Amino acid sequence: MHGLMMDLPLTIASLIEHADRYHGDTEIVSRRIEDGTIHRTTYRDVHARARRLAAALRGLGVEATTRVGTLAWNGYRHFELYYAVSGIGAVCHTINPRLFPEQIAYIVGHADDQVVCFDLTFLPLVEKLAPHCPGVKHWVAMTDRAHMPASALPLQCFEDLIDAHPDGVEWPALDERSASSLCYTSGTTGNPKGVLYSHRSTVLHAYGACLPDALNLSARDVVLPVVPMFHVNAWGLPYSAPLVGAKLVFPGAALDGASLVELFEAEGVTTSAGVPTIWLGLLAHMKAQGLRFGALKRTVIGGSACPPAMIRTFEDDYGVQVLHAWGMTEMSPLGTVNTFKQRQLALDKTARDAIQNKQGRPIYGVDMKIVGDDGAELPRDGQAFGDLLVRGPWICASYFKGEGGDPLRDGWFPTGDVATLDADGFMQITDRSKDVIKSGGEWISSIDLENTAVAHPDVAEAAVIGVAHPKWDERPLLLVVRKPGATLGREEMLAFFEGKVAKWWLPDDVVFVDALPHTATGKLLKTKLREDYGHWKLPTA
Ligand code: AMP
């Protein structure tokens, strides 16, 4: 016997319809790409313009399932595209402009993008790409007539398209399982693979993300996603914010500490989100200028391990709660968020800090387990570590066009991370399985060593890789970027580890470098480090 409840589909257009109807006056603030000035609109106007943009896209030949690419920063026009494209059943393909042009051309071709909309910053990139993207029928510059650039390419003007369509579409009825958006993994090896989200997976993820023990979003929040809208849909915030009616603030192209802090303060931002590297710049600016946050209550940090020292600075020095979160492109992306349980509040600070250094516990909708090499499940005791597997309604079941074959193991998605799970459900990443250092049959966590190194006041950033060793197979090599003006040396750095990690974990050598390489989403690019330093001659070898 079926229940007798309405079977309304969970669609992306329903999110912006809700925001229009119940939070119509709530503001969407953006730093303009054209000149850095501030642009203000509302959910009501975004919805109206998204419907007109959808009509314009149909005029360009976009139909259900057509892929529409974006090369754009976080801003209101990108936000309007999220709804216009998915709203008519087409697929919004957010492209990471920081990838190499060859990778982008590959992605555009693989996705079969028919239209690509881009911010003016990316015109030189688009001109380079166009000859290698013969399938793209229209390149749309996301600006108005007055700012249209001169180009040998025939370009469409975003605002002209909207102006030419005074009547917006009525959102069509869609199957909630239909594809809504596409994001390629940042893949450090091989070609990127496409993760194809559905309306249902996106709306369920947006619901889950708002929960108090997840990102804790409400109509009283002002949310500034620093995480780009091309990095797993800005972790779903452009969907979660309209769901609860939170004000949104988009930083455009200005992601330096000073520009961000200015926007935080001017708009009363309560919640933000981004990868650890972005907060390094922001915290350095705050400290140098002796600034305080006026309204910021919490910030979500994920994408790579958040160093405990950064959590402590935010919480103890600035009174800002850190929501350490873990996820991946294949998980829409949220898997775990670190918030305390009632019982843990009574623990002393040291014990609470130790819990907070973990990646957190699953939100409803994500199930996880760890398994050993034989595939057998390992105990949830906070000690045993193994391959982390996940499943849930917003987790990838297969890559776009079946790339790479069936990724699942008995219905579970292997994350490629190695982790522990404790009895309270808290997960801690030991390492990416490719990054863990295998020394004499035991494993050393590169993340633990990096977290320890960056706790030193002279260290700006640190990376640890395994280097071949004749006796132990691999031993850890530490690469350090000193803070400006710091004189930290090898011996002092190594001495800092004593008492903080097991003796046999101590790095065998330290190399001081000017900068470390990062991936297009701001993670340490360990493949490059292994290329450059994998044959480093260790003094212990
Ligand atoms: P991506 O799909 O590019 O977002 O990358 C996902 C991967 O980033 C995960 O599988 C982890 O290896 C890593 N990652 C994400 N968040 C964290 C975190 N909080 N701590 C450690 N690693 C993380």
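In this chain, numbering begins with 1 at the start of the sequence shown. Keep in mind the model is a prediction, meaning the values are calculated, not measured. Both backbone and side-chain heavy atoms feed into the values below; hydrogens, waters and symmetry mates do not. Both counts, for ligands and for their atoms, begin at 1 and track the order of listing.
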Q) With a 6.0 Å cut-off on ring centres, are Y82 and Y239 close enough? A) yes
(Q) Both conditions, 6.0 Å and 45 degrees, for the charged tip of K500 above the ring of F496: are they met here? (A) yes
(Q) When you measure from the centre of the six-membered ring of F250, is the NZ or CZ of R31 closer than 6.0 Å and no more than 45° off the axis? (A) no
Is there a polar contact, in the sense of an N or O pair closer than 3.5 Å, between [X] and ligand 1?
X	value
G303	yes
A325	yes
G302	no

Looking only at protein heavy atoms, identify the closest one to [atom] and say how far it is in Å.
atom	value
atom 2 (O) of ligand 1	T329 OG1, 2.6 Å
atom 20 (N) of ligand 1	Q359 NE2, 2.9 Å
atom 8 (O) of ligand 1	K523 NZ, 3.0 Å
atom 17 (C) of ligand 1	W326 CD1, 3.6 Å
atom 11 (C) of ligand 1	D417 OD2, 3.2 Å
atom 21 (C) of ligand 1	A305 N, 3.2 Å

Q. Does ligand 1 have any atom sitting under 4.0 Å from a heavy atom of M331?
A.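 Heavy atoms of M331 never come under 4.0 Å of ligand 1.
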Q: Give the contacting part of S304 toward ligand 1: side chain, backbone, both or neither, where contact means a heavy-atom distance below 4.0 Å.
A: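 The part of S304 near ligand 1 is the backbone, not the side chain.
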Q. When you look for heavy atoms under 4.0 Å from ligand 1, do you find them on the side chain of R432, its backbone, both, or neither?
A. side chain
Q: Report the residues that fulfil side-chain contact (heavy atoms from CB on, under 4.5 Å) with D448, sequence neighbours left out, ordered by chain and then residue number.
A: S445, W505
(Q) If the test is side chain to side chain donor-acceptor pair (under 3.5 Å), which one of T339, N338, T336 qualifies with R361? (A)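 The option that passes is T339.
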Q: Establish, from distance only, whether the side-chain atoms of S86 and H199 form a donor-acceptor pair under 3.5 Å.
A: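 Looking only at side-chain atoms, H199 and S86 do not form any donor-acceptor pair under 3.5 Å.
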Q. Does the side chain of R98 pick up a donor-acceptor pair with the side chain of Q103 at under 3.5 Å?
A. no
Q | Side-chain (R482) to main-chain (V480) donor-acceptor, under 3.5 angstrom | A | no
**Q.** Main-chain N/O of T185 paired with K193 side-chain donor or acceptor, under 3.5 Å
**A.**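 Looks like no, no N/O pair under 3.5 Å.
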Q: Would you mind running through ligand 1 and noting each atom that sits below 4.0 Å from a heavy atom of H324?
A: 19 (N)
